[in-house]
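The structure appears right after this line, and notes come after that.
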There are 2 protein chains.
Amino acid sequence: MDRDSVVASLLRRLETVSKLDPADIAAIRSLPIAVRHWAGARAIVSDGERPSECCLIVEGFCIRSKTTEAGQRQILSIHIPGDIPDLQSLHLHRMDHDLSTLVPSTLGFISHASLRTLTHARPNVADALWRDTLIDAAIFREWIVNVGQRPAPARLAHIVLELRERLLAIRGGAEPATFEFPLTQEQIGEALGITPVHANRIIRLLREDGIVDVSRGQVHVLDETRLAELAQFDDRYLHQDPAA
Amino acid sequence: MDRDSVVASLLRRLETVSKLDPADIAAIRSLPIAVRHWAGARAIVSDGERPSECCLIVEGFCIRSKTTEAGQRQILSIHIPGDIPDLQSLHLHRMDHDLSTLVPSTLGFISHASLRTLTHARPNVADALWRDTLIDAAIFREWIVNVGQRPAPARLAHIVLELRERLLAIRGGAEPATFEFPLTQEQIGEALGITPVHANRIIRLLREDGIVDVSRGQVHVLDETRLAELAQFDDRYLHQDPAA
DNA sequence: TCCTATCCTTAACCTTTGTTTGGAACCGGC
DNA sequence: GCCGGTTCCAAACAAAGGTTAAGGATAGGA
(Lines give C-alpha, C1' and ligand atoms only; values in the text may rest on other atoms or scores of the structure.)
Protein backbone atom coordinates (compact mmCIF):
# COMPACT_ATOMS: atom_id res chain seq x y z
CA MET A 1 0.00 0.00 0.00
CA ASP A 2 1.83 3.12 -1.20
CA ARG A 3 1.49 6.54 0.35
CA ASP A 4 -0.53 8.02 -2.50
CA SER A 5 -3.34 5.52 -2.29
CA VAL A 6 -3.47 5.94 1.49
CA VAL A 7 -4.08 9.67 1.21
CA ALA A 8 -6.37 9.03 -1.73
CA SER A 9 -8.81 7.07 0.44
CA LEU A 10 -9.02 10.00 2.83
CA LEU A 11 -9.38 12.60 0.11
CA ARG A 12 -12.06 10.62 -1.71
CA ARG A 13 -14.09 10.58 1.47
CA LEU A 14 -13.56 14.24 2.36
CA GLU A 15 -14.36 15.36 -1.15
CA THR A 16 -17.68 13.52 -1.30
CA VAL A 17 -18.61 15.47 1.79
CA SER A 18 -16.86 18.87 1.59
CA LYS A 19 -15.44 21.22 -1.02
CA LEU A 20 -11.66 21.56 -0.87
CA ASP A 21 -9.45 23.79 -2.97
CA PRO A 22 -6.07 22.70 -4.40
CA ALA A 23 -4.06 24.29 -1.58
CA ASP A 24 -6.14 22.43 1.02
CA ILE A 25 -5.63 19.18 -0.82
CA ALA A 26 -1.88 19.79 -1.02
CA ALA A 27 -1.79 20.43 2.72
CA ILE A 28 -3.66 17.22 3.44
CA ARG A 29 -1.34 15.32 1.11
CA SER A 30 1.66 16.46 3.10
CA LEU A 31 0.29 15.08 6.40
CA PRO A 32 2.61 12.48 7.91
CA ILE A 33 0.74 9.16 8.04
CA ALA A 34 2.11 5.98 9.60
CA VAL A 35 0.61 2.93 7.94
CA ARG A 36 0.20 -0.23 9.99
CA HIS A 37 -1.63 -3.51 9.52
CA TRP A 38 -4.03 -4.80 12.10
CA ALA A 39 -5.51 -8.26 12.61
CA GLY A 40 -9.29 -8.71 12.74
CA ALA A 41 -11.27 -8.33 15.99
CA ARG A 42 -8.50 -6.34 17.69
CA ALA A 43 -8.73 -3.16 19.74
CA ILE A 44 -7.28 -0.03 18.14
CA VAL A 45 -8.02 2.34 21.05
CA SER A 46 -9.98 1.52 24.17
CA ASP A 47 -12.35 3.30 26.51
CA GLY A 48 -10.41 5.45 28.99
CA GLU A 49 -7.26 5.81 26.93
CA ARG A 50 -5.76 9.12 25.82
CA PRO A 51 -4.57 8.59 22.27
CA SER A 52 -2.13 11.02 20.67
CA GLU A 53 -3.05 10.14 17.12
CA CYS A 54 -6.09 9.53 14.96
CA CYS A 55 -6.71 6.47 12.87
CA LEU A 56 -7.62 6.54 9.18
CA ILE A 57 -9.10 3.34 7.78
CA VAL A 58 -7.31 2.62 4.51
CA GLU A 59 -8.68 -0.87 4.03
CA GLY A 60 -10.99 -3.03 6.12
CA PHE A 61 -13.87 -2.51 8.53
CA CYS A 62 -13.94 -1.15 12.09
CA ILE A 63 -16.58 -0.62 14.74
CA ARG A 64 -16.99 1.64 17.73
CA SER A 65 -18.70 0.20 20.79
CA LYS A 66 -19.48 0.77 24.42
CA THR A 67 -19.77 -1.84 27.15
CA THR A 68 -22.04 -1.27 30.15
CA GLU A 69 -21.16 -2.22 33.71
CA ALA A 70 -23.54 -5.14 33.28
CA GLY A 71 -21.26 -6.34 30.48
CA GLN A 72 -23.61 -5.70 27.58
CA ARG A 73 -22.00 -4.29 24.47
CA GLN A 74 -23.62 -1.77 22.13
CA ILE A 75 -22.10 -1.17 18.72
CA LEU A 76 -22.28 2.56 17.99
CA SER A 77 -21.11 2.76 14.39
CA ILE A 78 -19.55 0.77 11.57
CA HIS A 79 -16.60 2.29 9.72
CA ILE A 80 -15.28 1.80 6.23
CA PRO A 81 -12.19 2.92 4.27
CA GLY A 82 -11.75 6.70 4.22
CA ASP A 83 -13.32 7.15 7.67
CA ILE A 84 -11.39 8.55 10.63
CA PRO A 85 -13.48 6.93 13.34
CA ASP A 86 -11.63 8.50 16.26
CA LEU A 87 -11.24 11.99 14.87
CA GLN A 88 -13.17 13.16 17.95
CA SER A 89 -10.14 12.29 20.09
CA LEU A 90 -8.46 15.38 18.65
CA HIS A 91 -10.61 17.48 21.01
CA LEU A 92 -12.09 14.88 23.39
CA HIS A 93 -8.87 13.68 24.90
CA ARG A 94 -10.06 10.70 26.89
CA MET A 95 -11.84 7.96 24.95
CA ASP A 96 -15.40 7.25 26.10
CA HIS A 97 -15.76 4.11 23.97
CA ASP A 98 -13.78 1.41 22.17
CA LEU A 99 -12.60 1.33 18.58
CA SER A 100 -11.68 -2.03 17.07
CA THR A 101 -11.25 -3.84 13.78
CA LEU A 102 -13.83 -6.27 12.47
CA VAL A 103 -11.55 -7.84 9.87
CA PRO A 104 -7.83 -7.57 9.07
CA SER A 105 -7.34 -3.92 8.16
CA THR A 106 -4.81 -1.40 6.94
CA LEU A 107 -4.76 1.69 9.15
CA GLY A 108 -3.06 5.06 8.76
CA PHE A 109 -2.16 6.90 11.95
CA ILE A 110 -1.98 10.70 11.96
CA SER A 111 -0.71 12.52 15.04
CA HIS A 112 -2.93 15.00 16.83
CA ALA A 113 -0.07 17.48 16.69
CA SER A 114 0.11 17.48 12.91
CA LEU A 115 -3.66 17.61 12.59
CA ARG A 116 -3.83 20.56 14.94
CA THR A 117 -1.14 22.39 13.02
CA LEU A 118 -3.04 21.74 9.82
CA THR A 119 -6.44 22.85 11.11
CA HIS A 120 -5.03 26.03 12.64
CA ALA A 121 -3.17 26.92 9.46
CA ARG A 122 -6.05 26.08 7.12
CA PRO A 123 -9.52 26.92 8.45
CA ASN A 124 -11.07 25.32 5.37
CA VAL A 125 -9.56 21.97 6.24
CA ALA A 126 -10.66 22.44 9.85
CA ASP A 127 -14.20 23.03 8.57
CA ALA A 128 -14.07 19.90 6.41
CA LEU A 129 -12.91 17.74 9.31
CA TRP A 130 -15.36 19.40 11.66
CA ARG A 131 -18.10 18.65 9.14
CA ASP A 132 -16.95 15.06 9.06
CA THR A 133 -17.43 14.74 12.82
CA LEU A 134 -20.86 16.35 12.47
CA ILE A 135 -21.90 13.74 9.91
CA ASP A 136 -20.70 11.15 12.40
CA ALA A 137 -23.08 12.72 14.92
CA ALA A 138 -25.92 12.79 12.37
CA ILE A 139 -25.48 9.04 11.94
CA PHE A 140 -25.61 8.58 15.71
CA ARG A 141 -28.90 10.47 15.74
CA GLU A 142 -30.33 8.14 13.13
CA TRP A 143 -29.14 5.15 15.16
CA ILE A 144 -30.98 6.46 18.22
CA VAL A 145 -34.13 6.54 16.09
CA ASN A 146 -33.35 3.10 14.72
CA VAL A 147 -32.91 1.48 18.11
CA GLY A 148 -35.60 3.55 19.79
CA GLN A 149 -38.45 3.38 17.32
CA ARG A 150 -38.11 0.68 14.72
CA PRO A 151 -38.99 -3.00 15.21
CA ALA A 152 -36.02 -5.33 14.90
CA PRO A 153 -36.44 -6.34 11.23
CA ALA A 154 -36.63 -2.69 10.15
CA ARG A 155 -33.53 -1.95 12.25
CA LEU A 156 -31.54 -4.54 10.37
CA ALA A 157 -32.86 -3.36 7.01
CA HIS A 158 -31.94 0.21 7.87
CA ILE A 159 -28.40 -0.54 8.96
CA VAL A 160 -27.81 -2.66 5.87
CA LEU A 161 -28.97 0.08 3.53
CA GLU A 162 -26.94 2.70 5.38
CA LEU A 163 -23.76 0.71 4.96
CA ARG A 164 -24.45 0.10 1.28
CA GLU A 165 -25.03 3.79 0.72
CA ARG A 166 -21.80 4.73 2.43
CA LEU A 167 -19.80 2.12 0.54
CA LEU A 168 -21.28 3.46 -2.67
CA ALA A 169 -20.12 6.97 -1.84
CA ILE A 170 -16.48 5.95 -1.60
CA ARG A 171 -16.49 3.31 -4.31
CA GLY A 172 -18.89 4.76 -6.88
CA GLY A 173 -20.93 2.70 -9.32
CA ALA A 174 -24.48 1.47 -9.04
CA GLU A 175 -26.26 0.11 -5.99
CA PRO A 176 -24.89 -3.44 -5.69
CA ALA A 177 -27.25 -6.33 -4.90
CA THR A 178 -24.41 -8.04 -3.01
CA PHE A 179 -21.84 -6.46 -0.73
CA GLU A 180 -19.68 -7.11 2.34
CA PHE A 181 -21.20 -6.95 5.79
CA PRO A 182 -18.57 -8.55 8.02
CA LEU A 183 -20.58 -8.84 11.24
CA THR A 184 -21.43 -12.04 13.07
CA GLN A 185 -25.01 -12.46 14.18
CA GLU A 186 -23.90 -11.64 17.70
CA GLN A 187 -22.44 -8.34 16.48
CA ILE A 188 -25.56 -7.61 14.47
CA GLY A 189 -27.49 -8.05 17.69
CA GLU A 190 -25.12 -5.66 19.46
CA ALA A 191 -25.66 -3.05 16.78
CA LEU A 192 -29.46 -3.41 16.85
CA GLY A 193 -29.87 -3.64 20.61
CA ILE A 194 -31.24 -7.20 20.53
CA THR A 195 -29.94 -10.60 21.63
CA PRO A 196 -28.06 -12.85 19.20
CA VAL A 197 -30.94 -15.32 19.33
CA HIS A 198 -33.38 -12.68 18.22
CA ALA A 199 -30.94 -11.47 15.57
CA ASN A 200 -30.92 -14.98 14.20
CA ARG A 201 -34.72 -15.03 14.19
CA ILE A 202 -35.12 -11.85 12.18
CA ILE A 203 -32.29 -12.70 9.77
CA ARG A 204 -34.02 -15.99 9.07
CA LEU A 205 -37.35 -14.21 8.75
CA LEU A 206 -36.06 -11.71 6.20
CA ARG A 207 -34.41 -14.49 4.25
CA GLU A 208 -37.54 -16.68 4.23
CA ASP A 209 -39.63 -13.69 3.19
CA GLY A 210 -37.33 -13.16 0.23
CA ILE A 211 -36.40 -9.62 1.28
CA VAL A 212 -32.70 -9.81 2.08
CA ASP A 213 -30.19 -12.52 2.88
CA VAL A 214 -27.56 -11.62 5.48
CA SER A 215 -25.13 -14.47 5.86
CA ARG A 216 -21.46 -15.33 5.99
CA GLY A 217 -20.41 -11.68 6.16
CA GLN A 218 -22.36 -10.73 3.06
CA VAL A 219 -25.63 -9.06 2.22
CA HIS A 220 -27.68 -10.23 -0.77
CA VAL A 221 -30.59 -7.95 -1.52
CA LEU A 222 -33.43 -10.17 -2.73
CA ASP A 223 -36.24 -7.65 -3.09
CA GLU A 224 -35.10 -4.07 -3.45
CA THR A 225 -38.59 -2.60 -3.16
CA ARG A 226 -39.71 -4.41 -0.04
CA LEU A 227 -36.36 -3.85 1.64
CA ALA A 228 -36.60 -0.10 1.06
CA GLU A 229 -40.17 -0.08 2.32
CA LEU A 230 -39.23 -1.97 5.46
CA ALA A 231 -36.21 0.20 6.25
CA GLN A 232 -37.81 3.58 5.54
CA PHE A 233 -34.30 4.60 4.58
CA ASP A 234 -33.77 8.23 3.58
CA ASP A 235 -30.13 9.07 2.95
CA ARG A 236 -30.47 12.75 3.77
CA TYR A 237 -28.91 12.28 7.20
CA LEU A 238 -25.65 11.13 5.59
CA HIS A 239 -25.09 14.65 4.19
CA GLN A 240 -23.11 13.37 1.25
CA ASP A 241 -23.53 16.38 -0.99
CA PRO A 242 -20.99 19.13 -0.18
CA ALA A 243 -23.24 21.72 -1.84
CA ALA A 244 -26.32 20.79 0.18
CA MET B 1 -32.51 40.13 29.72
CA ASP B 2 -29.50 42.32 29.04
CA ARG B 3 -26.76 41.53 26.55
CA ASP B 4 -24.11 40.72 29.15
CA SER B 5 -26.07 37.98 30.83
CA VAL B 6 -26.92 36.49 27.43
CA VAL B 7 -23.26 36.12 26.51
CA ALA B 8 -22.52 35.02 30.07
CA SER B 9 -24.70 31.91 29.69
CA LEU B 10 -22.71 30.93 26.61
CA LEU B 11 -19.35 31.64 28.17
CA ARG B 12 -20.15 29.75 31.34
CA ARG B 13 -20.93 26.70 29.28
CA LEU B 14 -17.91 26.96 26.98
CA GLU B 15 -15.59 27.52 29.89
CA THR B 16 -16.74 24.44 31.79
CA VAL B 17 -15.81 22.50 28.71
CA SER B 18 -12.85 24.29 27.08
CA LYS B 19 -10.01 26.61 28.02
CA LEU B 20 -10.33 30.08 26.51
CA ASP B 21 -7.88 32.96 26.77
CA PRO B 22 -8.97 36.58 27.30
CA ALA B 23 -8.72 37.47 23.61
CA ASP B 24 -10.99 34.56 22.72
CA ILE B 25 -13.49 35.62 25.34
CA ALA B 26 -13.44 39.19 24.05
CA ALA B 27 -14.08 37.93 20.53
CA ILE B 28 -17.03 35.85 21.69
CA ARG B 29 -18.38 38.83 23.63
CA SER B 30 -18.46 40.91 20.49
CA LEU B 31 -20.60 38.40 18.57
CA PRO B 32 -23.87 39.93 17.43
CA ILE B 33 -26.71 38.07 19.16
CA ALA B 34 -30.40 38.69 18.50
CA VAL B 35 -32.47 37.85 21.56
CA ARG B 36 -36.03 36.63 21.05
CA HIS B 37 -38.64 35.03 23.26
CA TRP B 38 -40.33 31.81 22.30
CA ALA B 39 -43.50 30.17 23.58
CA GLY B 40 -43.38 26.60 24.91
CA ALA B 41 -43.80 23.59 22.60
CA ARG B 42 -42.93 25.59 19.47
CA ALA B 43 -40.61 24.70 16.60
CA ILE B 44 -37.39 26.71 16.36
CA VAL B 45 -36.04 25.02 13.23
CA SER B 46 -37.54 22.05 11.45
CA ASP B 47 -36.29 19.03 9.55
CA GLY B 48 -35.41 19.97 5.97
CA GLU B 49 -34.86 23.67 6.60
CA ARG B 50 -31.64 25.55 5.86
CA PRO B 51 -31.13 27.94 8.76
CA SER B 52 -28.72 30.87 8.44
CA GLU B 53 -28.22 31.27 12.17
CA CYS B 54 -27.61 29.20 15.28
CA CYS B 55 -29.69 29.31 18.41
CA LEU B 56 -28.26 29.82 21.89
CA ILE B 57 -30.54 28.88 24.77
CA VAL B 58 -30.41 31.70 27.29
CA GLU B 59 -33.28 30.51 29.43
CA GLY B 60 -35.64 27.55 29.16
CA PHE B 61 -35.51 24.01 27.82
CA CYS B 62 -35.41 22.68 24.25
CA ILE B 63 -35.38 19.28 22.61
CA ARG B 64 -34.21 17.86 19.34
CA SER B 65 -36.31 15.11 17.77
CA LYS B 66 -36.85 13.08 14.63
CA THR B 67 -40.13 11.76 13.31
CA THR B 68 -40.25 8.58 11.24
CA GLU B 69 -42.45 8.07 8.20
CA ALA B 70 -44.66 5.95 10.42
CA GLY B 71 -45.20 9.05 12.54
CA GLN B 72 -43.30 7.93 15.62
CA ARG B 73 -41.21 10.59 17.28
CA GLN B 74 -37.84 10.00 18.94
CA ILE B 75 -36.38 12.68 21.17
CA LEU B 76 -32.63 12.87 20.53
CA SER B 77 -31.45 15.27 23.20
CA ILE B 78 -32.59 17.69 25.86
CA HIS B 79 -31.03 21.15 25.95
CA ILE B 80 -30.52 23.65 28.73
CA PRO B 81 -29.30 27.26 28.99
CA GLY B 82 -25.83 27.76 27.53
CA ASP B 83 -26.31 25.07 24.88
CA ILE B 84 -26.29 25.83 21.16
CA PRO B 85 -28.38 22.87 20.08
CA ASP B 86 -28.17 23.54 16.36
CA LEU B 87 -24.51 24.49 16.16
CA GLN B 88 -24.14 21.63 13.70
CA SER B 89 -26.13 23.64 11.14
CA LEU B 90 -23.03 25.80 10.72
CA HIS B 91 -21.53 23.00 8.61
CA LEU B 92 -24.50 20.69 7.96
CA HIS B 93 -26.61 23.10 6.02
CA ARG B 94 -29.86 21.18 5.78
CA MET B 95 -31.50 20.18 9.06
CA ASP B 96 -32.00 16.43 9.48
CA HIS B 97 -34.17 16.79 12.59
CA ASP B 98 -36.39 19.23 14.50
CA LEU B 99 -35.45 21.63 17.26
CA SER B 100 -38.22 22.96 19.49
CA THR B 101 -38.89 24.51 22.86
CA LEU B 102 -40.33 22.53 25.75
CA VAL B 103 -41.28 25.58 27.83
CA PRO B 104 -41.34 29.34 27.19
CA SER B 105 -37.71 30.19 26.49
CA THR B 106 -35.32 33.04 25.79
CA LEU B 107 -33.18 32.37 22.74
CA GLY B 108 -30.18 34.17 21.29
CA PHE B 109 -29.67 33.90 17.54
CA ILE B 110 -26.17 34.16 16.08
CA SER B 111 -25.69 34.27 12.33
CA HIS B 112 -23.63 31.61 10.61
CA ALA B 113 -21.72 34.37 8.87
CA SER B 114 -20.48 35.92 12.10
CA LEU B 115 -19.69 32.52 13.58
CA ARG B 116 -17.69 31.58 10.51
CA THR B 117 -15.75 34.84 10.63
CA LEU B 118 -15.01 34.22 14.28
CA THR B 119 -13.88 30.62 13.88
CA HIS B 120 -11.65 31.44 10.94
CA ALA B 121 -10.04 34.35 12.76
CA ARG B 122 -9.61 32.51 16.05
CA PRO B 123 -8.74 28.81 15.75
CA ASN B 124 -8.99 28.46 19.53
CA VAL B 125 -12.62 29.46 19.48
CA ALA B 126 -13.20 27.13 16.53
CA ASP B 127 -11.69 24.32 18.60
CA ALA B 128 -13.91 25.14 21.58
CA LEU B 129 -17.06 25.12 19.46
CA TRP B 130 -15.92 22.01 17.62
CA ARG B 131 -15.36 20.37 20.98
CA ASP B 132 -18.86 21.38 21.98
CA THR B 133 -20.33 19.55 18.99
CA LEU B 134 -18.18 16.53 19.86
CA ILE B 135 -19.61 16.44 23.36
CA ASP B 136 -23.02 16.59 21.75
CA ALA B 137 -22.03 13.49 19.77
CA ALA B 138 -20.70 11.78 22.90
CA ILE B 139 -24.12 12.26 24.49
CA PHE B 140 -25.76 10.75 21.41
CA ARG B 141 -23.52 7.73 21.80
CA GLU B 142 -24.60 7.30 25.39
CA TRP B 143 -28.24 7.59 24.31
CA ILE B 144 -27.74 4.80 21.78
CA VAL B 145 -26.49 2.63 24.65
CA ASN B 146 -29.35 3.78 26.83
CA VAL B 147 -32.05 2.92 24.34
CA GLY B 148 -30.27 -0.15 22.98
CA GLN B 149 -29.16 -1.91 26.14
CA ARG B 150 -30.87 -0.73 29.28
CA PRO B 151 -34.32 -1.81 30.48
CA ALA B 152 -36.85 1.01 30.63
CA PRO B 153 -36.52 1.93 34.34
CA ALA B 154 -32.74 2.23 34.01
CA ARG B 155 -33.20 4.38 30.90
CA LEU B 156 -35.30 6.86 32.81
CA ALA B 157 -32.89 6.88 35.73
CA HIS B 158 -29.99 7.51 33.39
CA ILE B 159 -31.59 10.38 31.55
CA VAL B 160 -32.64 12.00 34.81
CA LEU B 161 -29.13 11.84 36.23
CA GLU B 162 -27.62 13.13 33.01
CA LEU B 163 -29.82 16.19 33.04
CA ARG B 164 -29.07 16.88 36.70
CA GLU B 165 -25.36 16.63 36.04
CA ARG B 166 -25.54 19.01 33.12
CA LEU B 167 -27.65 21.52 35.06
CA LEU B 168 -25.12 21.35 37.86
CA ALA B 169 -22.28 22.18 35.46
CA ILE B 170 -23.88 25.47 34.42
CA ARG B 171 -25.43 26.38 37.76
CA GLY B 172 -22.87 25.14 40.26
CA GLY B 173 -23.66 24.07 43.80
CA ALA B 174 -24.35 20.62 45.18
CA GLU B 175 -26.37 17.83 43.61
CA PRO B 176 -29.98 18.90 44.18
CA ALA B 177 -32.57 16.35 45.33
CA THR B 178 -35.21 18.27 43.37
CA PHE B 179 -34.90 19.88 39.97
CA GLU B 180 -36.84 20.76 36.82
CA PHE B 181 -37.60 18.10 34.25
CA PRO B 182 -40.24 19.70 32.03
CA LEU B 183 -41.27 16.64 29.99
CA THR B 184 -44.72 15.12 29.83
CA GLN B 185 -44.96 11.37 30.20
CA GLU B 186 -45.53 11.13 26.47
CA GLN B 187 -42.27 13.01 25.86
CA ILE B 188 -40.43 10.85 28.37
CA GLY B 189 -41.62 7.88 26.36
CA GLU B 190 -40.35 9.50 23.17
CA ALA B 191 -36.95 10.03 24.74
CA LEU B 192 -36.72 6.46 26.05
CA GLY B 193 -38.13 4.71 23.00
CA ILE B 194 -41.21 3.39 24.82
CA THR B 195 -44.94 4.11 24.67
CA PRO B 196 -46.54 6.69 26.99
CA VAL B 197 -48.43 3.91 28.75
CA HIS B 198 -45.23 2.10 29.55
CA ALA B 199 -43.59 5.36 30.58
CA ASN B 200 -46.38 5.81 33.08
CA ARG B 201 -45.88 2.25 34.34
CA ILE B 202 -42.18 2.68 35.06
CA ILE B 203 -42.60 6.16 36.56
CA ARG B 204 -45.16 4.72 38.96
CA LEU B 205 -42.87 1.78 39.67
CA LEU B 206 -39.91 3.99 40.54
CA ARG B 207 -42.13 6.16 42.70
CA GLU B 208 -43.66 3.20 44.56
CA ASP B 209 -40.21 1.72 45.06
CA GLY B 210 -39.09 4.95 46.70
CA ILE B 211 -36.29 5.51 44.19
CA VAL B 212 -37.29 8.65 42.33
CA ASP B 213 -40.47 10.64 41.79
CA VAL B 214 -40.91 12.17 38.34
CA SER B 215 -44.04 14.26 38.24
CA ARG B 216 -45.43 17.61 37.22
CA GLY B 217 -42.25 18.59 35.39
CA GLN B 218 -40.03 17.92 38.39
CA VAL B 219 -37.72 15.21 39.61
CA HIS B 220 -37.49 14.36 43.30
CA VAL B 221 -34.69 11.98 44.08
CA LEU B 222 -35.91 9.72 46.89
CA ASP B 223 -33.02 7.29 47.22
CA GLU B 224 -29.74 8.57 45.85
CA THR B 225 -27.93 5.26 46.20
CA ARG B 226 -30.48 3.03 44.54
CA LEU B 227 -31.02 5.55 41.75
CA ALA B 228 -27.31 5.64 40.95
CA GLU B 229 -27.15 1.88 41.04
CA LEU B 230 -30.10 1.54 38.69
CA ALA B 231 -28.81 4.12 36.21
CA GLN B 232 -25.18 2.97 36.12
CA PHE B 233 -24.46 6.61 35.43
CA ASP B 234 -20.83 7.54 34.80
CA ASP B 235 -20.39 11.19 33.86
CA ARG B 236 -17.17 10.66 31.91
CA TYR B 237 -18.99 10.85 28.59
CA LEU B 238 -20.03 14.44 29.33
CA HIS B 239 -16.38 15.56 29.08
CA GLN B 240 -16.90 18.44 31.43
CA ASP B 241 -13.29 18.92 32.42
CA PRO B 242 -11.40 21.07 29.88
CA ALA B 243 -8.08 19.65 31.10
CA ALA B 244 -9.11 16.02 30.70
C1' DT C 1 -68.87 28.61 36.51
C1' DC C 2 -68.61 25.26 33.18
C1' DC C 3 -66.19 23.49 29.10
C1' DT C 4 -62.56 21.65 26.84
C1' DA C 5 -57.77 20.36 26.25
C1' DT C 6 -54.25 17.91 27.79
C1' DC C 7 -52.22 15.05 30.81
C1' DC C 8 -52.10 11.31 33.94
C1' DT C 9 -53.68 6.87 35.44
C1' DT C 10 -55.09 2.11 35.24
C1' DA C 11 -56.55 -2.45 33.49
C1' DA C 12 -56.86 -6.41 30.19
C1' DC C 13 -54.92 -8.39 26.60
C1' DC C 14 -51.57 -9.15 22.81
C1' DT C 15 -46.86 -9.10 20.46
C1' DT C 16 -42.20 -8.79 20.47
C1' DT C 17 -38.15 -9.80 22.44
C1' DG C 18 -35.28 -12.19 26.04
C1' DT C 19 -33.74 -16.66 28.22
C1' DT C 20 -32.26 -21.07 28.30
C1' DT C 21 -30.74 -24.72 26.08
C1' DG C 22 -28.95 -27.91 22.77
C1' DG C 23 -27.40 -29.36 18.48
C1' DA C 24 -25.33 -28.72 13.68
C1' DA C 25 -22.00 -26.64 10.71
C1' DC C 26 -17.70 -24.60 10.01
C1' DC C 27 -12.73 -23.32 10.61
C1' DG C 28 -8.05 -22.95 11.93
C1' DG C 29 -4.39 -25.27 14.18
C1' DC C 30 -2.11 -29.51 15.36
C1' DG D 1 -7.98 -36.22 10.05
C1' DC D 2 -9.24 -34.67 14.53
C1' DC D 3 -10.27 -31.18 18.07
C1' DG D 4 -11.81 -26.99 20.36
C1' DG D 5 -13.71 -22.95 19.55
C1' DT D 6 -16.83 -20.06 17.25
C1' DT D 7 -20.83 -19.28 14.63
C1' DC D 8 -25.28 -20.44 13.21
C1' DC D 9 -29.70 -22.47 13.88
C1' DA D 10 -33.79 -23.64 16.37
C1' DA D 11 -37.52 -24.63 19.87
C1' DA D 12 -39.99 -23.89 24.39
C1' DC D 13 -40.95 -20.83 27.68
C1' DA D 14 -40.73 -16.27 30.30
C1' DA D 15 -40.69 -11.42 30.61
C1' DA D 16 -40.86 -6.83 28.91
C1' DG D 17 -43.15 -3.77 26.45
C1' DG D 18 -47.06 -2.47 23.06
C1' DT D 19 -52.14 -1.81 22.21
C1' DT D 20 -56.59 -0.52 23.20
C1' DA D 21 -59.67 1.54 25.91
C1' DA D 22 -61.59 4.35 29.30
C1' DG D 23 -62.01 7.10 33.58
C1' DG D 24 -60.10 10.94 36.41
C1' DA D 25 -57.31 15.06 37.43
C1' DT D 26 -55.88 19.66 36.21
C1' DA D 27 -55.60 24.09 34.10
C1' DG D 28 -56.80 27.62 30.99
C1' DG D 29 -60.49 29.93 28.36
C1' DA D 30 -65.40 31.34 27.35
Side-chain angles (χ1 to χ4, degrees), chain A residues 39-42 63 68 70-75 100-104 146-158 180-209 212-220 230, chain B residues 39-42 63 68 70-75 100-104 146-158 180-209 212-220 230:
Chain A
R42 289 280 190 294
I63 51 167
T68 66
Q72 308 155 94
R73 190 165 82 140
Q74 173 71 45
I75 291 177
S100 46
T101 55
L102 276 176
V103 295
N146 205 37
V147 172
Q149 299 297 336
R150 287 192 259 266
R155 287 187 215 178
L156 177 57
H158 197 276
E180 307 140 82
F181 191 74
L183 302 197
T184 65
Q185 292 188 349
E186 179 168 25
Q187 290 164 337
I188 291 172
E190 288 169 349
L192 304 183
I194 59 179
T195 57
V197 175
H198 195 53
N200 178 270
R201 264 198 289 253
I202 62 168
I203 289 168
R204 198 185 346 152
L205 186 85
L206 292 182
R207 183 158 48 220
E208 285 166 0
D209 279 5
V212 64
D213 180 10
V214 181
S215 55
R216 273 161 286 119
Q218 289 223 326
V219 170
H220 300 268
L230 178 62
Chain B
R42 289 281 190 292
I63 51 167
T68 66
Q72 307 154 97
R73 191 165 82 138
Q74 173 71 45
I75 292 178
S100 46
T101 56
L102 276 176
V103 295
N146 205 36
V147 171
Q149 299 297 334
R150 286 192 259 264
R155 286 186 215 177
L156 177 56
H158 197 275
E180 308 140 82
F181 190 75
L183 303 197
T184 65
Q185 292 189 348
E186 179 168 25
Q187 291 164 336
I188 292 173
E190 289 169 346
L192 303 183
I194 59 179
T195 57
V197 175
H198 194 53
N200 179 273
R201 267 198 286 252
I202 63 168
I203 289 168
R204 184 173 13 138
L205 185 84
L206 293 181
R207 184 159 46 220
E208 284 168 359
D209 279 5
V212 65
D213 180 10
V214 181
S215 55
R216 273 161 287 118
Q218 290 223 325
V219 170
H220 300 269
L230 178 63

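By convention in this document, chain letters (A, B, ...) are assigned in the order of the sequence lines, proteins followed by strands, and residues within each chain are numbered from 1.
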Calculate the interatomic distance between [X] atom [atom1] and [N] atom [atom2]; express it in whole Å.
X	N	atom1	atom2	answer
B:I202	C:dC8	CD1	P	13 Å
B:I194	C:dC8	CD1	P	13 Å
B:R150	D:dA16	CZ	P	17 Å
A:Q72	D:dA16	CD	C1'	14 Å
B:L205	D:dA16	CG	C1'	12 Å
A:Q185	D:dT7	CD	C1'	8 Å
A:L183	D:dT6	CG	C1'	16 Å
A:L102	D:dT7	CG	P	11 Å

So, the side chain of [X] versus the backbone of [Y]: is there a donor-acceptor pair under 3.5 Å, distance only?
X	Y	value
A:T184	A:Q187	yes
A:R155	A:R150	yes
A:Q74	A:E190	yes
B:R42	B:G40	yes
A:Q149	B:R73	yes

Hey, does [X] reach any base, or is it just sugar-phosphate, or nothing, if we go heavy atoms under 4.0 Å?
X	result
B:T195	base
B:G193	sugar-phosphate
A:G217	nothing
A:P196	nothing

Residue [X], side-chain atoms from C-beta onward, closest of [options]:
X	options	answer
B:R201	D:dT7, D:dG17, D:dC9	D:dG17
B:E186	C:dT17, C:dA11, C:dC7	C:dC7
A:H198	D:dT19, D:dG17, C:dG18	C:dG18
A:P153	C:dT9, D:dT7, C:dT17	C:dT17

Which comes earlier along DNA chain D counting from the 5' end, the contact point of A:G148 or that of A:S215, where each point is its nearest nucleotide?
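Result: A:S215.
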
So what's D:dT26 paired with, Watson-Crick or G-U wobble, going by both distances under 3.5 Å?
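Checking every strand shown, D:dT26 finds no partner, since no pair has both distances under 3.5 Å.
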
What does C:dA5 pair with, Watson-Crick or G-U, if both distances are under 3.5 Å?
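Base-paired to nothing in any strand shown.
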
Residue-phosphate contact under 4.0 Å: A:N200 side-chain N/O, D:dC8 OP1/OP2
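So the side chain of A:N200 is outside the cut-off, no N or O lying under 4.0 Å from OP1 or OP2 of D:dC8.
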
Tell me whether the OP1 or OP2 atom of D:dA10 has a side-chain N or O from A:R204 closer than 4.0 Å.
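A:R204 to D:dA10 OP1/OP2: side-chain N or O found under 4.0 Å.
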
Syn or anti: how is C:dA5 classified when any glycosidic angle within 90° of 0 counts as syn?
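For C:dA5, whose glycosidic angle is within 90° of 0, the conformation is syn.
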
Between A:V103 and A:P182, which heavy-atom pair has the shortest distance, and what is it?
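Result for this residue pair: CG1-CB, 3.6 Å.
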
Specify the residue among A:R155 and A:R216 whose closest nucleotide of DNA chain C lies further upstream toward the 5′ end.
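Taking each residue's closest nucleotide, the earlier one in sequence belongs to A:R155.
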
